[in-house]
Structures are given as C-alpha cells and as structure tokens.
Amino acid sequence: MSVQQLLRALGWSPYHRLDIETRHGMIIICSANDGLHQVGSRGDLPLPANARHMCRIEPGQPVLLAAIVAHDLLVVHPVSTVVRLLADLHTHLAGGDNDR
C-alpha cells in the first residue's frame, strides 16, 4: 500500500492536522484538530527531521507504515525495528525459545 492509500483509509485528506511524536523508537502520528503538522497538499506525509533523528531513520531509508484505523493512528517503523522483530520471530520459529 502507498502512503496515499493509508491516508485515505484513515480519512486524512490534504491539510488534515496531525500530532507527531516518538515512542519506543517509532514515530506515532495521530489526527489532531490543533496539531502542529498537516498532510501535504499532494497527500504527502510529513516526517520531521527531529523525529526521524530520534528514531534513527536516515534520509531515503525505507520504513514500514502501519495504519491503525480503529485508533486513528499511523505508525512509522524504522527498518532496524522491522529487522529486529523478524529476527526474533525467526528465532522463535526455529525453536530458539523452546516453545513448540
């Protein structure tokens, strides 16, 4: 899915106001009437440099976007988090934690 498809699923059109914060190494974006950020005029999603820096997201680096429509949230996962989660899952599947 593209960013624009996720924004449509959330009902966030251009100029929709947003709050952006970081938690646990992820960027959390939510709808906010008085938010400091907004969806761009072409449906692009702002990722402030300070939030990217705090989450160790380099310019041009791929990220995983997850829309949580029921909670009106969009979560930006850095690729390093996705790699770590997949490594943990693969260890689990290979029997590394003896839970079969």
Side-chain angles (χ1 to χ4, degrees):
M1 258 190 170
S2 71
V3 172
Q4 287 79 16
Q5 289 172 310
L6 291 174
L7 294 175
R8 271 195 300 276
L10 289 162
W12 297 355
S13 56
Y15 308 108
H16 186 90
R17 304 302 299 179
L18 306 169
D19 270 343
I20 299 176
E21 61 181 73
T22 59
R23 276 191 246 156
H24 307 290
M26 298 172 285
I27 299 174
I28 311 297
I29 304 171
C30 63
S31 183
N33 290 333
D34 60 348
L36 297 176
H37 306 278
Q38 64 184 11
V39 175
S41 62
R42 291 186 234 153
D44 48 322
L45 187 65
L47 292 180
N50 62 339
R52 289 193 322 263
H53 178 73
M54 290 176 69
C55 295
R56 297 185 177 139
I57 299 171
E58 298 295 326
Q61 182 181 28
V63 295
L64 174 68
L65 301 175
I68 306 171
V69 176
H71 295 280
D72 205 23
L73 292 174
L74 186 67
V75 181
V76 181
H77 298 275
V79 73
S80 59
T81 299
V82 176
V83 168
R84 187 185 78 250
L85 292 172
L86 286 174
D88 291 348
L89 174 62
H90 295 161
T91 298
H92 171 75
L93 292 174
D97 59 5
N98 297 319
D99 184 21
R100 290 187 191 215

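Note: hydrogens, waters and symmetry copies are ignored here, and every other heavy atom, side chains too, is used. Just so we're clear, the structure is a prediction, and the values are computed from it rather than from any experiment.
Taking 4.5 Å as the limit, some side-chain heavy atom of Q61 sits within range of a side-chain heavy atom of V79. At least one side-chain heavy atom of L6 sits under 4.5 Å from a side-chain heavy atom of L74. T81 is not listed as a side-chain neighbour of V83, based on a closest heavy-atom distance of 4.5 Å or more. At a threshold of 4.5 Å between non-hydrogen side-chain atoms, the residues V75 and I68 count as touching. Using a 4.5 Å heavy-atom threshold, the side chains of I27 and I20 count as touching.
Hydrophobic clustering keeps I29 apart from M26 (ILVMFWY residues linked when any side-chain heavy atoms are closer than 4.5 Å, directly or through intermediates). Cluster membership for L10 and V63, using ILVMFWY side-chain heavy atoms within less than 4.5 angstrom, is shared. A single hydrophobic cluster is not seen to contain both Y15 and W12; linkage of ILVMFWY side chains at heavy-atom distances under 4.5 Å, directly or through other members, places them apart. Linking ILVMFWY side-chain heavy atoms closer than 4.5 Å, directly or via other members, places I28 and L65 in two distinct hydrophobic clusters.
Atom-to-atom distance recorded for D72:CG and L18:CG is 9.0 Å, nearest 0.5 angstrom.
Between the side chain of T22 and the backbone N or O of G25 there is no donor-acceptor pair closer than 3.5 Å.
Screening residues 21-32 for salt bridge (Lys or Arg N to Asp or Glu O under 4.0 Å), with sequence neighbours left out, gives E21-R23.
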Enumerate donor-acceptor pairs with a distance under 3.5 Å from any side-chain N or O in residues 37-58 to protein atoms, sequence neighbours excluded.
residue : atom : partner : partner atom : Å
Q38     : OE1  : R17     : NH1          : 2.8
R52     : NH1  : L47     : O            : 2.5

